[in-house]
Amino acid sequence: MMRLSGMATGMDIDQIVKDLMRAERLPLDKIVKNQNKLEWKMEDYREINLKLRSFSDSIFDNLMRSSVMKKRTVQSSNSSLVTATASSNIGNTSFTMSKVEQLATSATNSSSSSVIRAGEGTKSSTSTLKQLNDSFDVALNWETGGIRSERLSLESGSNETQLKETPIDLNAVVVKVNGKTMDVVTGTYDKLENGQVHVDNTGKLTFADSSIANTTIDVTYAATHAEKSFKYTTPAEGAKPKLSYSVGVRNIEQVVVRGESGTTYTAQVNNETGQLTFSEDGAPQENFTVEYTQKYTTAGVDTVNANGDTVHGRFIFTDSQSLDTVMKSFNDSNVGVNMFWDDHSGRISVTRKETGVYSDGAEMTFTGALLTNTFKLDQNNEKEGTNAKFTVNGLETERRTNSFTISGMNVTLKDTFDQEVVLNASTDVDSVVDTIKKFVDQYNELLDHVNGKLTESRKRDYEPLTQEERDGLSEKEAERWDEQARAGHLRNDPLLRGSFDQMRQGLYSTVNTGTDSEFTHLSAIGITTSSDYMSRGKLEINEDKLRAAIEKDPDGVFDLFNADGETPGEQGIARRLRTSISNTVESISQRAGGAGYAQNHQFTIGRELNDIEKRISTFEMRLEQKEKRYWAQFNAMEAAVQRANNQGDMLMAQLMGNG
């Protein structure tokens with residue numbers, strides 16, 4: 001619509017229309033303000049719900065856990081020799097350690113002499129095996145081939161699967177099922193045991209049975225060569241073809257580049273880095289595969305676990321891997337050993353991670369020339385581990401570790417001795433008191449917040465600001481106004497008042513724990529309601545009485561909060577309170593939204609907001625129509641005045657012409 005700006009009448013029509021529309025918008029502003037009030041009310045409800053959920057979670061994590069509410073502490077008569085902790089169900093008991101003959105130690109082994117030849121100086125563990133080989137006292141005789149990795153699976157009902165590449169080096173095969181290294185059997189066999197796999201030179205794997213079907217089988221093995229395939233991409237117009245490719249493997253040998261058509265290509269090969277470079281006229285213009293070989297060796301270690309089962313660690317190492325990588329492979333495996341190299345002595349040390357005796361023979365059995373020859377590790381040189389031997393309450397016994405459990409008490413031996421050390425377990429009163437005090441503080445904080453909302457005065461002189469009003473205030477002035485305007489929307493709210501009355505009733509009611517405990521009410525353990533009327537039901541603690549109750553009957557105090565009966569009267573205070581909180585959260589969510597009530601149409605205030613949105617939309621359409629009508633009327637007036645002015649001008653011109 002074309003709008004005239006009052007050129008004919010000299011009136012500020014734009015301002016007149018704005019003033020008229022401001023008056024027309026007054027009912028809409030009132031609707032929007034009601035919308036703001038509902039949104040504030042919804043936010044206040046949801047804030048209370050968040051606090052309720054947090055309080056409920058805290059009750060569950062603290063009051064309802066026996067490990068917290070029945071926590072025990074252990075006093076040692078000599079903590080430099082023995083310390084202990086206790087589980088919550090041990091009761092008040094004591095143990096007397098009268099003698100510790102020996103502590104548990106780990107089996108260890110080390111190189112019989114320096115692995116570095118005399119006169120070679122200090123070597124770094126970051127060096128590759130190839131770089132170190134000339135300095136080793138006993139150099140490695142490398143095998144040549146390609147290291148391949150495959151992930152296989154067994155078909156249901158089958159116990160056999162097949163590797164892609166053949167032939168393979170049967171001495172360089174590592175098979176893992178769900179991360180557990182299998183015992184590889186080659187040659188003829190009568191029967192496979194669980195944990196064994198037979199591998200033949202055709203690459204066929206046979207397991208003891210088909211029970212590992214649908215599991216992950218990872219195989220690393222050495223074949224005649226390894227390979228990497230590359231996909232050829234036609235260069236963009238005007239761009240140079242790609243001439244350089246990386247195999248991603250260092251120290252490669254016997255490199256052959258073969259296109260998918262069977263054509264063999266020549267490339268300049270950096271064997272150390274694995275980088276291939278083609279000439280411009282000799283680069284493949286098709287998909288191609290790079291075949292190559294590597295120098296490799298094998299190594300392994302076997303240990304025995306607590307169940308008496310042999311745990312296998314098998315590895316294939318290439319000459320491009322560092323000594324650090326080799327040791328890390330053992331340390332990260334499930335064989336349970338720590339390996340390190342002492343660059344001062346030039347010797348390798350291997351220690352079992354677990355202390356104690358697990359085998360009648362050697363605790364660690366080494367295989368492969370890298371460990372037995374180059375690293376000079378011989379199981380005959382092993383220093384055997386020992387079990388901890390001690391006497392407790394007159395009974396001579398032993399354990400594989402220096403930390404162990406006796407009837408719920410977790411004991412840690414620190415040294416050998418031949419004297420009495422008494423371990424007394426008792427209730428950790430301080431910890432339980434702190435837990436209950438935390439509960440009371442959180443309850444009082446929640447009550448403070450809700451009571452503040454229920455008693456907050458409504459500031460009726462402060463209505464929500466319209467956008468025009470907000471634009472006329474500074475940011476701080478608007479914040480202060482909003483703070484006043486949103487106060488009191490939950491004053492005397494019946495939902496909150498009724499819900500918290502129910503919570504208080506559950507707190508103060510007697511608990512029939514079903515035991516002989518004298519603690520059937522909060523007041524019995526020193527927790528009462530404040531006599532100050534203005535505190536509106538806040539709890540107070542007589543700490544001396546609470547401490548005495550916990551010392552006298554910790555189980556009774558626990559049952560007071562956690563008794564699990566069928567009726568509310570038989571349920572502990574914590575359980576009642578969580579039930580009340582759950583009901584309150586559900587009621588508030590039905591009114592103001594929340595978990596399970598995410599869409600506006602699912603909760604009461606949301607539906608009211610939807611209705612307001614519709615009213616606002618309808619009202620704005622009417623306002624738009626009114627504004628158009630006002631402009632049409634003023635445009636018509638302007639046009640009429642303009643016509644009258646034109647006629648006057650014509651008449652004046654004629655009169656002046658006749659004169």
Query - Ion pair R504/D501, N-O distance below 4.0 Å - result: yes

Query raised in the report: Checking side-chain contact (heavy atoms from CB on, under 4.5 Å) for the pair D555/T515: CA distance, chi angles, key distance, verdict?
Result: CA-CA 10 Å; D555 290 335; T515 66; over 6 Å; no

Query raised in the report: Any salt bridge between R72 and D428, counting N to O under 4.0 Å?
Result: no

Query - Lys/Arg N to Asp/Glu carboxylate O, K71 vs D434, below 4.0 Å - result: no

Query raised in the report: Thinking salt bridges, do R486 and D482 make one under a 4.0 Å N-O criterion?
Result: no

**Report entry** K37 and E463 ion-paired at < 4.0 Å
**Finding:** yes

Query raised in the report: Who pairs with R576 by salt bridge (charged side-chain N to carboxylate O under 4.0 Å, His left out), at least two apart in sequence or on another chain?
Result: none

Query raised in the report: Does a donor on one side chain and an acceptor on the other come within less than 3.5 Å for S403 and T401?
Result: no

Query - Flag for T604-R591: side-chain donor and acceptor within less than 3.5 Å - result: no

**Report entry** Non-hydrogen atoms of S76 and V421 that approach each other most closely
**Finding:** OG-CG1, 3.6 Å

Requested in this report: Please lay out, stage by stage, how D471 and Q467 fare under the test side-chain contact (heavy atoms from CB on, under 4.5 Å).
Outcome: CA-CA 6 Å; D471 291 341; Q467 189 58 50; 2.9 Å; yes

Query raised in the report: Do R65 and D61 meet the salt-bridge criterion of a basic N to acidic O distance under 4.0 Å?
Result: yes

Requested in this report: In plain terms, say whether E543 and K437 are close enough for a salt bridge, that is, a side-chain N and a carboxylate O under 4.0 Å apart.
Outcome: yes

Query raised in the report: For the residue pair H489 and W40, does the interplanar ring angle fall in the parallel (under 30°), tilted (30 to 60°) or perpendicular (over 60°) class?
Result: tilted

Query raised in the report: When rounded to the nearest 0.5 angstrom, what is the spacing between OG1 in T427 and CG in N92?
Result: 4.5 Å

Query raised in the report: Between F439 and F561, how do the two ring planes meet: parallel, tilted or perpendicular, split at 30° and 60°?
Result: perpendicular

Query - Candidate pair V32 and T466, rule side-chain contact (heavy atoms from CB on, under 4.5 Å), full reasoning - result: CA-CA 8 Å; V32 172; T466 64; over 6 Å; no

**Report entry** Any residue meeting salt bridge (charged side-chain N to carboxylate O under 4.0 Å, His left out) with D448, in chain and number order, not counting sequence neighbours
**Finding:** K538

**Report entry** Any residue meeting salt bridge (charged side-chain N to carboxylate O under 4.0 Å, His left out) with D430, in chain and number order, not counting sequence neighbours
**Finding:** R547

